[in-house]
Structure formats: C-alpha cells, structure tokens
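Working notes, beginning with the structure itself.
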Amino acid sequence: MESIKGLKRTDYCGTLRLSDKGKEVTLFGWAQRRRDLGNLIFIDLRDKTGIVQASFNDKTDRAIFEKAQSVRSEYVLAIRGIVRERESKNSTLPTGEIEVEATEMRIISKAQTPPFEISKASEVGDETTLKYRYLNLRNEKLTQNIIMRHKIAKIAREYFYENDFIEIETPMMIKSTPEGARDYVVPSRIHNGKFYALPQSPQIYKQLLMVAGFDRYIQLARCFRDEDLRADRQPEFTQIDLEMSFVDTNDIMDMAEGFIKRLMKETLGIEMDSPIPHMTFAKAMNSYGSDKPDTRFDMLINDISDWAAKTDFAVFKSALESGGSVKAIVAENAAGEYTRKKIDKLTEYVKGIGAKGLAYIRWAEDVPACSFAKFLKEGELNALLNRLGAKKGDCVFIVSGKTSLALSVLGALRLTVAKALGIIPENKWNYVWITEMPFFEFDEEKNEWVAMHHPFTMPLEECLPYLETDKSKVRAEAFDLVLNGIELSSGSMRITDCDLQNKMFELLGMEQEEIDAKFGFLVEAYKYASPPHGGMGIGLDRLAMLICKAESLRDVTAFPKVQNASELMSGAPSVIDDIQLGELGIAISAKEDD
C-alpha cells in the first residue's frame, strides 16, 4: 500500500466536465471496474460525487501501466492526470465527455473481492447488502440518497433560522410518559430499578420551552418508537420538530408550507402550487377511506346506503339494520384487467383486512355481470349504474358493514386497484392539509376512548361542551400534512390551561395520582402562565424517501433496522454480560419453549 503524502485532491470525480479540458487534476476514490484492452486500460474511479474514467495507454510510464493492470474492484486509488476529451463519449454519465489521462497512480488500499458487485447491489438480497452496509453505501444511488437527506436537513435549518427559530436540543433520556407507542427504555445503574425512556418525540419539552419564553423552537430531533416496522417506518427516526408561540393553526401551516415550497424548489426544481388545499378529516374518510388520502387520482367512495336499503339483498340490509352503511367505488376501464378470477383474489384481499366480502359489478359485455343480481328488482341495477356514472368497461366494487370498516377497506382497495390499473401519476406532487381531526378514538380492544394524537392537543372551542357528553363529537385543533397518500407531519395547537389539561387526562381514564406521577410537572408549569402555542413534527425520513423516489426508509437511512428491529451489520441488539446486568439490577428470565 502507498501513501498519499505529497498529493492533494484538486477535484471530485463526478464534478469534471469538458470545460476542464487540459487541466491537471488529482483524484481519490474507489475502482468501480477495470477494462484491460492490452495496450489500453480504463479504470472507472468513483467517489461520493460520481464516476470518471481514467485512461492508461502506451504513453503511460510502464511502472504506472503495470500497476494499473493489478487494480481490482474496490481498490482505493489516487490518480493524477490531465483531463482530455473522450473519443468514445458516454451520454449516460455526467462525466461522459471526458477522461483523465493518468500520469501517476498510487494504490492506497487493496480490497478483497467484495461479496457483491457494488453497482449491482439492488439485485442482491437485503440480508447480504445490510450485513455489508458499508459496501452497499458505496452504490451511487444510495450515496446520492444520503446526500439528498443531508441537503433536506441543511435547507430545513437555513429556512427556520431565517424565520427566527432557535435550535435547542432536548434530552434523549427522559421520563416515560404514554404517547401512543411502546417506549424504548434505558435502565439506570445509579437509580437501581428505575428506567429512562428514549423520546417518542420531544413533545413535552418543546411545550415547556414555549412556557420558558423561547417563542420559536426548531430541532432535527431523533425519536424512538417500539412498534412493528413497515416500508415507511423505522424504530428510530428524525423529525423536523418545531413549536411557535402566539400563533394559530394557520400561522403554523403557513410556516410549514413555506418550508416545503422552498424544499421542492431547491431539491427538485419544482415550483409548488400554493396554498396547499385543506380537507377535513371527515371529508377525507368519506371520500378516500383514509386520513392520508392520495389525491393524485379520483375513484372516490360513494355512499349508496339509501339505494341499498330498497333492495332485497340481505347482506346490505343486515349492514344497514346494525347501524352500518353500504359504500362503493367505480374503477373506470377496469373490466379488462379484472377478470372473475382476479376479482376473487380481490375478495380474499378485502376479507384479509376485515371485510366480510366484496360485491361487484363487472361491465365487460353489453349486459353487466353483477354478483348480487338475483336479489335486485327490475331497474335497480340500472339506477345504481346511472347514479354512480358507471359505463361499459368499468367495474363497481361494493363493501357493506360497519361504516368505519367499509370506508377503510374501500380506501385500501382503491389504492390496490389504482396501482394495478397504472392510473397513479408518478411525477405529480399532491399535498393536502387534513384538518379537524377527532380528539378521541375508541379502542375496541381496550374498550375505552384514547387520544388520537396526544393528550396535549387543544379541542376546538365549539366542541368543549361535548367533552363530558359525547366524545365522538370532539374535534381537535390538529392537522396533518399529506403528500401522495403518505403522512409527512402531524401538528396541533396545545392546551395551555392547567385545569383543562388535567381534565383531559381524567377523560382519558387517568386517576389524579397517575396524572401527578406522569404529567404533574407539565400541569404545574401551566400554573405559571403560558403563551398560546402550537407546533408540528415533519418526518425528515419520509420527505427524503419521497424526494428520492425510494421504495423504503431503508434507502434513505445510513444504517437501518430490519423488520424485527435488528441491525444486521453490527448484530444489534445483543446480549450483555452478567456483570453489567448485575450493576443494573436486572435479571433475564429464560423463555419457555412453546
């Protein structure tokens, strides 16, 4: 191995262009591949900015040429040379018009044959690429994703600094308080038998900063939630966390919109339409079957309960008699795609997410095929088709039952069908604010009302009379920002009255002793006067995933966890020895085999 002593990098590989022709450059990087044509050798040199071709020919010093012949994939090299115009240009590379004619080369570090070809990492299974994550991160796509994530963070800080926000770090080891998901806990050696929690969000601390008078707070906050993983979820994540005093919901949303508009312009060169449209939670659920609707395509949900009530179909009647409803979506030009066999698969799909079945109309021929036609009187089918605006070539899918279930099932089915039909525009960015969220939601497993967001959210003033009488009618001064069917942020105005905050805890089933133990310090703080305030957290990871058009949060996270919350590269989580356990006062009980 050779030293880089005496060499100073002049340029990065991916930044050279034809305008640099004739320039002497010194580059450092990894050998992506070597092509040996006998009297001519090409090495593709790669760094974080991209790839450039280095050439060695019959004019090259023989010692340098022979050294180039020994180069293998992923060797770390230093190359000095002159930028020349390429004879055979590569239009797929930003540097494809030039090459560096090498005059000096040093092999800084040799590599074993890697377990996979870096440029083809996407063709290799996750188990291998995540085990060798440091190699996978050399892949240009992943490298650019991580750089884009950095750029998003940089733009966020600059934007909020310019708008008088102060960046303040909040503690990483905090008191465990209920916030919806399970806490990750940290045992205390000094306070034996007691535990810290890792923050699910800096929620309480940022509110206390408003009580303290800091007025505008910002933090790129690390958050932790012990919950099941999926493509857009990791156990640890980052949110662009903000809080503002002396504002209302519109002020907070306007501030967030300004950031998103600047972000889209500086990362993708897109001029975003503004203002972002608003949609109530009720409208989103009734029309899209989701509180994070994808508004890039139509296929809205229709309530056909009044029509269904007049039919003799027992399935519909039973749903209506039990207080439910009958809902439908029209999939235009879907009859060709959805054969009877594929509709059977859709039926199994909706059963898997809670529905009892799927009624349908498939209008492929002159006469529509209807799965419940024998229960309809003359003219009823045509009346439904006319009402829905369905035409030949369309499919109608119908779900009946409990209203909330029928809506959520059709919301999921709507997305599944749209993907199968290929009708979701890829290069469209549809933002929408979801407002007037319910304060409470009923947890059927626990048979109790719980806070939909968190218990510090301010109810709408007109809903305060319903707190004691009908929790289902209580709406909150809460709002979510949704992009293309993915929730980017959640925010609200906060309760600042100590008596009302205490009351909300009571309504959530807490006894005064529990309130004092878990939240007494917050209620106490409000006794010393608090400004009206509110805020939100914007998911940095999800923003990066969407801007990079990545399939998963793993693709924008340097060292991600897998489905079971483990990290394959380092082997975390791992066991610790008995000495450490003893210091913490912890004993591990052996699990009994099933």
Side-chain angles (χ1 to χ4, degrees), residues 179-181 200-201 223 225 227-234 237 239-240 249 252-253 256-257 259-260 263-264 272-273 275-301 327 329 350 353-354 399 403-419 423-426 428-441 450-454 457 475-492 536-553 556:
E179 283 202 39
Q200 294 186 33
S201 76
C223 305
R225 294 181 185 177
E227 55 191 353
D228 295 334
L229 306 192
R230 59 190 186 207
D232 61 343
R233 182 181 286 169
Q234 283 277 305
F237 58 96
Q239 64 184 36
I240 302 167
T249 55
I252 300 168
M253 288 189 279
E257 262 185 59
F259 164 62
I260 296 294
L263 181 68
M264 296 299 287
M272 191 185 87
D273 293 336
I276 293 172
H278 290 208
M279 183 186 300
T280 65
F281 174 89
K283 170 68 175 174
M285 292 303 301
N286 288 327
S287 296
Y288 296 91
S290 173
D291 60 353
K292 40 185 181 292
D294 191 335
T295 60
R296 289 175 294 174
F297 64 101
D298 291 327
M299 207 188 299
L300 303 186
I301 297 173
K327 307 284 186 178
I329 57 173
V350 300
I353 56 176
V399 175
T403 300
S404 59
L405 179 63
L407 287 172
S408 64
V409 168
L410 280 176
L413 187 65
R414 171 181 178 268
L415 291 173
T416 299
V417 171
K419 288 174 184 175
I423 63 172
I424 305 177
E426 290 187 5
K428 197 171 183 182
W429 303 83
N430 275 29
Y431 293 89
V432 60
W433 285 109
I434 305 301
T435 62
E436 299 187 28
M437 320 288 287
F439 188 98
F440 299 98
E441 61 181 340
V450 297
M452 177 173 275
H453 280 66
H454 53 67
T457 302
R475 289 167 289 126
E477 284 194 66
F479 41 88
D480 287 352
L481 180 59
V482 175
L483 169 59
N484 294 351
I486 294 178
E487 180 190 315
L488 286 184
S489 72
S490 184
S492 71
M536 64 191 304
I538 304 170
L540 174 59
D541 315 74
R542 291 185 183 180
L543 264 180
M545 184 177 76
L546 288 164
I547 287 175
C548 294
K549 296 185 178 178
E551 295 182 1
S552 165
L553 288 180
V556 294

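Residues take their numbers from the sequence shown, with the count starting at 1.
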[X]: side-chain hydrogen bond (donor to acceptor under 3.5 Å, both in side chains) partners, not counting sequence neighbours:
{"X": "Lys549", "value": "Asn427"}
{"X": "Thr295", "value": "Asn430"}
{"X": "Thr403", "value": "Ser325"}
{"X": "Thr249", "value": "none"}

Can you name the nearest heavy-atom pair linking [X] to [Y], along with the distance?
{"X": "Trp429", "Y": "Leu546", "answer": "CH2-O, 3.4 Å"}
{"X": "Met545", "Y": "Ser552", "answer": "SD-C, 3.5 Å"}
{"X": "Leu553", "Y": "Gln234", "answer": "CD1-N, 3.8 Å"}
{"X": "Ala478", "Y": "Met437", "answer": "O-CG, 3.5 Å"}
{"X": "Gln239", "Y": "Ser201", "answer": "NE2-CB, 3.9 Å"}
{"X": "Gly354", "Y": "Leu405", "answer": "O-CD2, 3.2 Å"}

Nearest-0.5 Å distance, [atom1] of residue [X] to [atom2] of residue [Y]:
{"X": "Glu441", "Y": "Met452", "atom1": "CD", "atom2": "CE", "result": "4.0 Å"}
{"X": "Leu263", "Y": "Leu543", "atom1": "CG", "atom2": "CG", "result": "6.0 Å"}
{"X": "Leu407", "Y": "Tyr288", "atom1": "CG", "atom2": "OH", "result": "13.5 Å"}
{"X": "Glu487", "Y": "Arg542", "atom1": "CD", "atom2": "CZ", "result": "6.0 Å"}
{"X": "Ile260", "Y": "Met253", "atom1": "CD1", "atom2": "CE", "result": "13.5 Å"}
{"X": "Leu483", "Y": "Asp294", "atom1": "CG", "atom2": "CG", "result": "8.5 Å"}

Sequence neighbours left out, what passes side chain to side chain contact (heavy atoms under 4.5 Å, CB included) with [X]? Give chain and number order.
{"X": "Ala412", "value": "Tyr349, Ile353"}
{"X": "Ala544", "value": "Arg149, Ile152, Val556"}
{"X": "Pro425", "value": "Arg296, Lys428"}

Sequence neighbours excluded, which residues qualify as ring-ring contact (aromatic ring centres under 6.0 Å, His included) partners of Phe479?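 Scan of Phe479 (ring-ring contact (aromatic ring centres under 6.0 Å, His included), adjacent residues dropped) gives Trp433.
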Give a yes or no on whether the backbone of Asp298 and the side-chain of Arg414 come within a donor-acceptor separation of less than 3.5 Å.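 Yes; judged by distance alone, with no hydrogens or angles, the pair exists.
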Kindly determine whether Phe281 and Asp480 satisfy side chain to side chain contact (heavy atoms under 4.5 Å, CB included), including the steps that lead there. CA-CA 9 Å; Phe281 174 89; Asp480 287 352; over 6 Å; no
Under the rule for salt bridge (charged side-chain N to carboxylate O under 4.0 Å, His left out), what residues qualify as partners of [X], not counting sequence neighbours?
{"X": "Glu436", "value": "Arg475"}
{"X": "Glu227", "value": "Arg233"}
{"X": "Asp291", "value": "none"}

Taking the side chain as everything from C-beta on, heavy atoms only, tell me whether Ile434 gets closer than 4.5 Å to Met279.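 A side-chain contact exists here, since the closest heavy-atom pair is under 4.5 Å.
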Would you say the side chain of Ile538 lies within less than 4.5 Å of the side chain of Leu481, judging by non-hydrogen atoms?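 With C-beta onward as the side chain, the pair stays apart.
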Within residues 276-287 or reaching into it, pairs that qualify as side chain to side chain donor-acceptor pair (under 3.5 Å) - sequence neighbours excluded: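 Those involving residues 276-287 are Lys283-Ser287.
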Assess the residue pair Thr457 and His454 against the criterion (side chain to side chain contact (heavy atoms under 4.5 Å, CB included)); give the C-alpha distance rounded to whole Å, side-chain angles, the decisive distance to 0.1 Å, and a yes or no. CA-CA 6 Å; Thr457 302; His454 53 67; 3.3 Å; yes
